[in-house]
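What follows is one structure encoded as structure tokens, with my remarks underneath.
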2 protein chains.
Amino acid sequence: MDVTETEARYLKIIYRKKHEEGREVNTTGLADSLDVSPGTVTETLQKLDKKDYLNYEPYHGVKLTKIGKEKSKKLLRKHRILETFLVGLLDYKEVEACQEACTLDYHISENVINSICSLLGHPEKCPCGKYIFKNPKKS
Amino acid sequence: MDVTETEARYLKIIYRKKHEEGREVNTTGLADSLDVSPGTVTETLQKLDKKDYLNYEPYHGVKLTKIGKEKSKKLLRKHRILETFLVGLLDYKEVEACQEACTLDYHISENVINSICSLLGHPEKCPCGKYIFKNPKKS
DNA sequence: CAAATATTTTGGCATCCCCTAAAAATTCTT
DNA sequence: AAGAATTTTTAGGGGATGCCAAAATATTTG
């Protein structure tokens with residue numbers, strides 16, 4: 001079962017906070033980041049748990065599963081390649097590139113991203129300096 | 001009021017059929033093209049009418065309004081520039097390019113498309129030979 | 001004109017995402 | 001540690017979107 005666009009937004013934020021910035025992921029924090037009510041956050045986390053993208057321990061936070069991490073990394077890879085493309089080939093500024101990438105990363109296919117990645121010469125980092133994950137060949 | 005992704009699909013098909021292929025647009029035809037039931041088509045046409053993208057005459061077909069035509073052309077412009085990009089720079093084949101463009105054309109911004117259009121040297125036609133509309137400066 | 005075909009209406013269903021307010025759990029403070 | 005303050009979850013709801021089947025209505029055709 002695949003994630004919805006909203007759920008994808010959660011995964012991207014959770015991965016970044018937890019695995020790249022070492023920050024804690026709590027309901028209130030997510031609610032602030034996403035500009036929704038805490039109840040809404042809980043609901044979405046429960047859905048992501050049901051879909052096996054994370055383990056949700058009520059009152060005690062979440063932990064991304066294997067497939068949750070993979071999915072998050074795929075999304076962030078797309079996001080960062082898009083940013084690199086927008087800044088490198090289309091003269092976008094970082095901030096605007098990030099905004100555009102936020103919408104597109106969910107809708108663009110793995111295939112197109114891989115092609116763009118080649119076109120860019122397989123960059124290591126996005127314009128903001130964040131690591132661009134490798135394409136995990138299979139699936 | 002803006003169109004949904006589904007409504008956008010309708011606009012693209014209606015414009016193409018009517019204004020590029022001179023074909024008639026009827027409920028059954030749309031239902032076949034879109035692989036939904038006739039009732040669903042009627043419902044969506046009514047919504048597009050309510051949003052002023054077309055005039056819907058029950059039992060007698062539809063006619064795109066001015067903003068309906070503009071919207072359709074914007075979408076088809078995006079679609080065709082995307083196709084050109086995919087084929088020209090990413091080595092896609094026409095068929096696959098069209099499929100990818102179908103999803104992306106709705107989600108990509110005017111701005112990104114304009115940049116890609118420049119990058120491509122403002123092509124006149126897409127890989128399948130269809131006309132690429134000019135960017136109507138304002139709005 | 002009657003039969004066949006096309007279209008619309010009706011009623012319904014599922015998904016998605018969001019909210020508020022009350023309840024429950026946790027954490028903080030003294 | 002007990003009560004207060006904060007955080008989180010639950011419960012109940014709502015709006016938007018998109019789809020369907022079947023009945024009703026209109027149009028077209030033989």
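Lettering follows sequence order; numbering is per chain, from 1.
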Rounding to an integer number of Å, can you tell me how far [X] [atom1] sits from [N] [atom2]?
X	N	atom1	atom2	answer
A:Tyr106	C:dC17	OH	C1'	13 Å
A:Glu24	D:dT8	CD	C1'	15 Å
B:Leu34	D:dC20	CG	P	10 Å
A:Glu43	C:dA21	CD	C1'	15 Å
B:Leu48	D:dT17	CG	C1'	13 Å
B:Lys47	C:dT8	NZ	P	15 Å
B:Asp35	D:dC19	CG	P	10 Å
A:Leu30	D:dT9	CG	P	10 Å

Classify the nucleic acid contact of B:Gln46 as base, sugar-phosphate or nothing, counting any heavy atom under 4.0 Å across all strands shown.
->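 Sugar-phosphate, backbone atoms only, no base.
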Identify the residue among B:His79, B:Arg9, B:Arg77 that makes a side-chain hydrogen bond (donor to acceptor under 3.5 Å, both in side chains) with B:Asp105.
-> B:His79
Nearest to the side chain of B:Thr42 - C:dT9, D:dT7, C:dC18?
-> C:dT9
Please find out if less than 6.0 Å separates the ring center of A:Phe85 from that of B:Phe85.
->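 Between A:Phe85 and B:Phe85, the centre distance is under 6.0 Å.
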Under 4.0 Å between a side-chain N or O of B:Ser37 and OP1 or OP2 of D:dC19?
->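 For B:Ser37, the contact criterion (side-chain N or O under 4.0 Å from OP1 or OP2 of D:dC19) is not met.
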Does anything in residues 2-9 of chain B reach DNA chain C, meaning a heavy atom under 4.0 Å, and if so which residues?
-> none
Nucleotide-resolved protein contact map, nucleotides 22-30 of chain D, B/S/- at heavy-atom distance under 4.0 Å = ---BSS---
Looking just at side-chain N and O atoms, do B:Lys17 and B:Ser33 make a donor-acceptor pair shorter than 3.5 Å?
->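 B:Lys17 vs B:Ser33: donor-acceptor pair found between side chains.
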